[in-house]
Amino acid sequence: MMSIQTPAEGADTFPLPSRESDRGRGGENQTNSPVGADDTLLCVTTDIDTALAHSAEQDQNFASIHHATLFSRLKKILPQGALLQVKEDLAPYECDGLSAYRRIPLAVALPEDEAQVVAVMKACYEAGVPVVARGAGTGLSGGAMPHEQGLVLSLAKLKRIVRIDKYSRTAVVQPGVRNLAISEAAAPFGLYYAPDPSSQIACSIGGNVAENSGGVHCLKYGLTVHNVLRVRVVLADGDVVTLGSEALDSAGLDLLALFIGSEGLLGIATEVTVKLTPKPQFAQCILASFDDVRRAGDAVAAVIAAGIIPAGLEMMDQPATRAVEPFVKAGYDINAAAILLCESDGTKEEVGDEIARMKAVLEGCGATEIRVSQSEAERILFWAGRKAAFPAAGRVSPDYYCMDGTIPKRRLADMLIAITELEKKYGLRCMNVFHAGDGNLHPLILYDANVPGELERTEAFGAEILKLSVDFGGTITGEHGVGFEKINAMCEQFASDELRIFHGIKAAWDARGLLNPGKAVPSLHRCAEFGRMHVHGGQTAFPEIERL
Amino acid sequence: MSSTTIDEFRQQILQRQPLRIRGGGSKDFYGSVPSSMQESNLLDTRMHSGIVSYDPSELVVTVKAGTTLQALELVLATRRQFLPFEPPRFGDDLSAATIGGAVAAGLSGPRRATVGALRDFVLGLRLMDGVGRELKFGGEVMKNVAGYDVSRLMAGSMGCLGLILDVSLKVLPMPMHEATIGLALDQQPALELMNQWGGEPLPISATCWADGLLMIRLSGAEPAVRTAQQRLGGDLVEADQAAQFWASLRDGQHAFFAQTSPHATLWRLSVPSVTPPLEVGGSSLIEWGGAQRWFHSEASAEEVQTLAHRCGATATAFRYAPDRTQVFSPFAPGVLKLHQSLKHAFDPHGIFGRGRLYPEI
């Protein structure tokens, strides 16, 4: 869809503004880390954040491991300069796109091919050292935040497009290849890679696989899991397995589906085969205004109920349109309580037909103004405002915190109204941009990290939104992943029995718990300590664990 | 209301005897049958049936595993929605197959290549594991990346990990318009056209080649279907006849799927769509834009598996195999180990569907 690309949030949303808080939780300990370049570097047994959990019941402690042998081994495996150990070299890796959480790793390895990845994994496995895989570092949940006793394994140098095959409509790429680079390489064949996360100019396909990334077009074109055919995976012990195939179905359990979205906890992708989609010939977008958020929410449901699957269906509330309009001049009605962007793509006939039907539905739902893009330039302008939502938040506020819950579409208005109440409760502003078509919310809570207590209030505000998402029948994360950020919220969504299954799955792939420990799946101990007393099926969860 | 049923399921599971989970039995012919399986007790899911929730504007239906596909699809049809993956119903009157069985078998119908597989539409499910725990994974929303994707793992797991209780599926609006065209073509040029057209923005929803005839179904907005029809040429097939044809493919009732000899197995190969015509010494039926090939053969399972392996494919002895000890393609040792450990995580006592997928699990 390159030539008629709907850029959605686009490049400028990313990385997050550097103004974001530096006061991340892990930051305080950094200066104590004895990071040096020599082989005799020993890990000092600082108290590990209790978040660094691995095993089902208890957090795992990786301190007191002797690293000298590991480092000399890694130096032999990796090319000159591909093992970073000096603090200044490590600093760029201290966080991902969620810069509020930072840690300095022991070292960063930059292998150049799969054989080196395998060798690094074997060495770490034998030394018992945790490994945190990292692509472009654009993730928004702290999934690639380093482990203080671990190695960051950067896949950035594995960035070769192995082949693009027009006839079979597939691309074979290394994990460090950027999402957009695949579509660019496929463009001459009239093909593109459909999932388009907002960071697509920078994010890597390996990271997309780890997070099961979505984007603006996933209601119609699916998520990463729907568009990846095959992945070569290096397991924690250095074994290499191939999951999926270039055929559509594979034998046995669907390990590919299980691997996609596993946030670097099950293995390291070293080669990815993706499905390419024919570029639609044409696209058009409707910009509709509503004077009431409930009517806007109802209109979203009505479009779907009318049998239409729009290529994109986005919603912005008034604080969001007011933040972007002054400098984007997308033509948004800033007096509207909410606006919708409804896109149709396909053949010219198809689009004409669909736009007419969507327009009728929106009018029936009480839209106060409806504009249909009359040119490609105008369509891009309509999207430019949506695309600028994140940077706009950075303009109107020193810091912002992006949430990522998903709820049933019928609860969109309820959520907006609830957020308005929470704004009052916490004394913070929030602007809302929603992938409304699939109920995925990105409330942006505006705060100032330099005001004592604001970050904490922001986190509490965010936690309430996530809890509401679960209560409304949705999920704490639609596309950004759990990572480090939402590890506590996992205790809201899952009971101890489900978490035990997750830990069983983890153990099946990584029995020693070395891959990305402390992320994505909380230990039972952590959930008990978190003390949310998650109620599931009428029973209190974790009754077996003694509470403090 | 079905808590008693659930309790009964749990009681059965807690006996720690081998269990074969079964819905309508429409796929009894499918999967491996190790000698030990005869000793398994039956766990019948049909008492656990009914639609839990359905909101057409959410494009999601949550349904109990024992609900028949027929009943479910009837309800969806009242709101002009459907299961886009067209799960096969099999059986004589198509009324036996259940949604639980469809998910467990993971089989998809004619739309597979263009809209996705069954697993692509599984959003969440509730299951009972091998120690009787009720677990809920995924949910009722399109985008959900919290926790490992256990729901999709259950699709195609052949009842060897756990008992599916309820499943939430993404549904889609029925296409506004459909047309089927037929083109007289040999296998090679038909394969070339399927792959070429697959790379163009055409509203193709299914393809099938057999016996010198390429059938193409177009689905979508009427003007788009009409334009594509003109672009592709061929002869328009009468609507009723076309519907019957695609249903017969979906449900395995097309004449091609009938047993040809007591010694011949019906093989299903999942191949890269661009694979040239297979040398199988008999006729083939091709679906999914070239990615699914069917043929009958008296060749040994080893010979067919070798052929499949050579073209990056997997082969399933789908039906009529004289020996059903292992009907699926073998896999690499590393992958086998993962299967065994996952099996252990869900079913530590090894009671579910022993050997139905692989002798080792």
Side-chain angles (χ1 to χ4, degrees), chain A residues 166-169 191 211-212 214 218-219 226 239 241 245-255 257-258 261-262 278-281 301 304-305 307 309 346-347 349-350 353-354 406 408-410 438-440 473-479 481-482 490 493-494 497-498 501-502 504-505 508-509, chain B residues 55-59 80 112-113 116-117 119-120 129 133 135-137 139-150 152-153 155-157 172-173 195 198-201 220-221 223-224 227 270-274 288 291 312-314 328-329 331-332 334-335 338-339 341-342 345-346 357-358:
Chain A
K166 177 193 177 186
Y167 191 42
S168 67
R169 291 145 277 141
L191 302 168
E211 302 294 321
N212 190 15
C218 36
L219 183 62
H226 303 115
D239 274 4
V241 294
S245 76
E246 288 187 21
L248 292 176
D249 291 350
S250 299
L253 297 172
D254 199 338
L255 301 183
L258 185 64
S262 61
K279 263 192 274 186
Q281 296 163 357
I304 307 291
I309 304 293
T347 63
E349 303 85 7
E350 229 171 341
D353 185 81
E354 197 166 86
T406 303
K409 287 182 282 288
R410 62 177 176 273
D438 39 36
N440 187 200
T475 175
I476 57 169
T477 174
E479 57 183 1
V482 174
M490 283 291 282
Q493 190 162 337
F494 293 100
D497 285 345
E498 284 125 16
I501 288 284
F502 288 154
I505 291 170
W509 294 69
Chain B
D55 185 343
S57 69
E58 299 291 335
L59 300 175
R80 277 199 55 82
R112 164 63 178 109
R119 68 94 133 147
D120 294 322
D129 70 4
R133 295 180 296 201
L135 308 163
K136 195 172 181 299
F137 297 101
E140 299 186 350
V141 289
M142 304 291 156
K143 286 161 95 176
N144 182 358
V145 294
Y148 302 118
D149 200 342
V150 173
R152 290 198 171 90
L153 178 69
S157 63
L172 284 179
N195 279 290
E200 294 178 25
T227 311
S270 179
V271 303
S273 65
V274 295
W288 300 359
T314 51
F328 300 107
S329 284
F331 36 52
V335 177
L338 286 174
H339 275 73
S341 342
L342 285 171
F346 285 89
L357 193 56
Y358 284 93

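Each chain gets a letter, A, B and so on, in the order its sequence line appears, and its residues count up from 1.
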So, for [X] and [Y], which heavy atoms are closest and what is the spacing to 0.1 Å?
{"X": "B:G312", "Y": "A:A247", "answer": "O-CB, 4.2 Å"}
{"X": "A:A257", "Y": "B:R152", "answer": "CB-CB, 3.7 Å"}
{"X": "B:P223", "Y": "A:E349", "answer": "CB-CB, 3.3 Å"}
{"X": "A:P278", "Y": "B:G198", "answer": "CG-O, 3.5 Å"}

Subject >> Worked check of side chain to side chain contact (heavy atoms under 4.5 Å, CB included) between A:I505 and B:L342 >> reply: CA-CA 6 Å; A:I505 291 170; B:L342 285 171; 4.0 Å; yes
**OP:** Using a cut-off of under 4.5 Å on heavy-atom pairs, state which of B:N144, B:T314, B:V150, B:L153 scores highest against chain A.
**Re:** B:N144
Subject >> Most chain A-contacting option - heavy-atom pairs closer than 4.5 Å, from B:L59, B:D129, B:D149, B:V274 >> reply: B:V274
Let me confirm one number: the [atom1]-[atom2] distance from [X] to [Y], rounded to the nearest 0.5 Å.
{"X": "B:S273", "Y": "A:Y167", "atom1": "OG", "atom2": "OH", "value": "7.5 Å"}
{"X": "B:D120", "Y": "A:D254", "atom1": "CG", "atom2": "CG", "value": "8.5 Å"}
{"X": "B:K136", "Y": "A:Q493", "atom1": "NZ", "atom2": "CD", "value": "8.0 Å"}
{"X": "B:L172", "Y": "A:L219", "atom1": "CG", "atom2": "CG", "value": "8.5 Å"}

Examine whether an atom of [X] lies under 4.5 Å from a heavy atom of chain A, and if so say whether it belongs to the side chain, the backbone or both; otherwise answer neither.
{"X": "B:Y358", "answer": "side chain"}
{"X": "B:T227", "answer": "side chain"}
{"X": "B:S57", "answer": "both"}
{"X": "B:E200", "answer": "backbone"}
{"X": "B:R80", "answer": "neither"}
{"X": "B:L357", "answer": "side chain"}
{"X": "B:V271", "answer": "backbone"}
{"X": "B:A332", "answer": "neither"}

Original post:
Is there a donor-acceptor contact under 3.5 Å from the side chain of B:E140 to the main chain of A:G473?
Top reply: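 Such a contact is absent between B:E140 side chain and A:G473 backbone.
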Toward chain B, the part of [X] with a non-hydrogen atom under 4.5 Å:
{"X": "A:R410", "result": "both"}
{"X": "A:E354", "result": "neither"}
{"X": "A:D353", "result": "side chain"}

**OP:** Kindly determine whether A:I501 and B:R133 satisfy side chain to side chain contact (heavy atoms under 4.5 Å, CB included), including the steps that lead there.
**Re:** CA-CA 10 Å; A:I501 288 284; B:R133 295 180 296 201; 4.0 Å; yes
Side chains of [X] and [Y]: closer than 4.5 Å at any heavy-atom pair?
{"X": "A:L255", "Y": "B:F331", "value": "no"}
{"X": "B:N195", "Y": "A:S168", "value": "no"}
{"X": "B:P173", "Y": "A:I309", "value": "yes"}

Quick check for you: among [options], which has the greatest number of heavy-atom pairs under 4.5 Å with chain B?
{"options": "A:K409, A:M490, A:E350", "answer": "A:K409"}
{"options": "A:D249, A:T406, A:I304", "answer": "A:D249"}
{"options": "A:G478, A:S250, A:G504", "answer": "A:G478"}
{"options": "A:T477, A:N440, A:V241", "answer": "A:T477"}
{"options": "A:V482, A:D239, A:L258", "answer": "A:L258"}
{"options": "A:A301, A:S245, A:G214", "answer": "A:A301"}

Original post:
Which word best sums up how the rings of A:F494 and B:F137 line up, parallel for under 30°, tilted for 30 to 60°, or perpendicular for over 60°?
Top reply: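 The arrangement is tilted - the two ring planes meet at 30° to 60°.
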